[in-house]
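Both counts, for ligands and for their atoms, begin at 1 and track the order of listing.
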Amino acid sequence: VPTLPAVVDREAAMRAVRADLGDCTRCGLCRGRKNIVFGVGNVSTRLMFVGEGPGRDEDAQGEPFVGAAGQLLNRMIDAMTLSRERVYIANVIKCRPPDNRDPEPDEVASCLPFLVRQIEVIRPEVIVTLGRHSFHALSGSKAGVGASRGRFFDYRGIPVMPTFHPAYVLRKEGEELREARKLVWDDLQAVMKRLGLEPARRTS
Ligand code: SF4
């Protein structure tokens with residue numbers, strides 16, 4: 001697979017991707033959505049996060065990761081000495097599945113080309129996948145995140161770190177919660193090292 005070409009005007013290129021997506025009806029998820037959740041952040045960023053799909057809060061606001069999981073993601077990004085405004089955040093699918101069910105393979109297949117184009121525009125130095133859907137979509141693997149996290153894989157010349165989804169972390173309690181947060185932080189520290197960022201503090 002060829003590596004990605006350089007994009008000169010990323011803002012214009014991203015606007016073109018959004019325009020091509022339009023008022024999308026390419027899969028059945030269009031019927032239940034309030035808003036298409038396209039993606040947010042800095043299109044010239046070095047670091048991109050990719051989650052699964054919009055939940056209720058994201059569907060209502062049209063922005064990814066704005067609920068409780070989004071607040072944890074924000075804290076993780078801050079702890080990396082970055083900020084939400086300095087990275088780019090997107091999902092594999094851009095419309096909320098009913099009752100937050102998993103996206104179906106045909107829905108992922110319909111929506112994934114637009115994430116691929118977003119990645120082509122941004123061409124980040126590192127991608128972090130949050131949860132199994134984005135990991136599976138970019139790696140082609142069907143392995144679990146727990147068995148795959150902690151090691152970069154290659155997506156068209158971009159190193160990608162799989163880690164747990166913040167919503168998964170938030171479903172844990174007690175020692176399991178502490179352990180999940182530690183593992184995510186280990187993964188993010190590896191990303192920071194790759195980007196040459198100095199650690200500031202832990203997320204917990
Ligand atoms: S999930 Fe993606 S492909 Fe399906 S309707 Fe929404 S934007 Fe279109």
K.L.:
Check this for me: Arg31, atom CZ, are more than 12 non-hydrogen atoms of other residues, nucleotides or ligands nearer than 6.0 Å?
P.N.:
no
K.L.:
Does the pair Arg156/Glu120 count as a salt bridge with the N-to-O cut at 4.0 Å?
P.N.:
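Salt bridge: yes.
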K.L.:
At distances under 2.8 Å, what protein N, O or S atoms surround atom 6 (Fe) of ligand 1?
P.N.:
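The answer is Cys95 SG.
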K.L.:
Can any side-chain N or O of Asp59 pair as donor or acceptor with the backbone N or O of Lys34 at less than 3.5 Å?
P.N.:
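Side chain of Asp59 to backbone of Lys34: a pair is present.
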K.L.:
Around atom CZ of Arg56, are there more than 12 heavy atoms from other residues, nucleotides or ligands closer than 6.0 Å?
P.N.:
no
K.L.:
Hey, is Arg15 close enough to Asp9 for a salt bridge, meaning N to O under 4.0 Å?
P.N.:
no
K.L.:
What pair of heavy atoms forms the shortest contact from Arg84 to Asn74, and how long is it?
P.N.:
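Taking Arg84 first and Asn74 second, the nearest heavy atoms are NH1-OD1, 3.0 Å.
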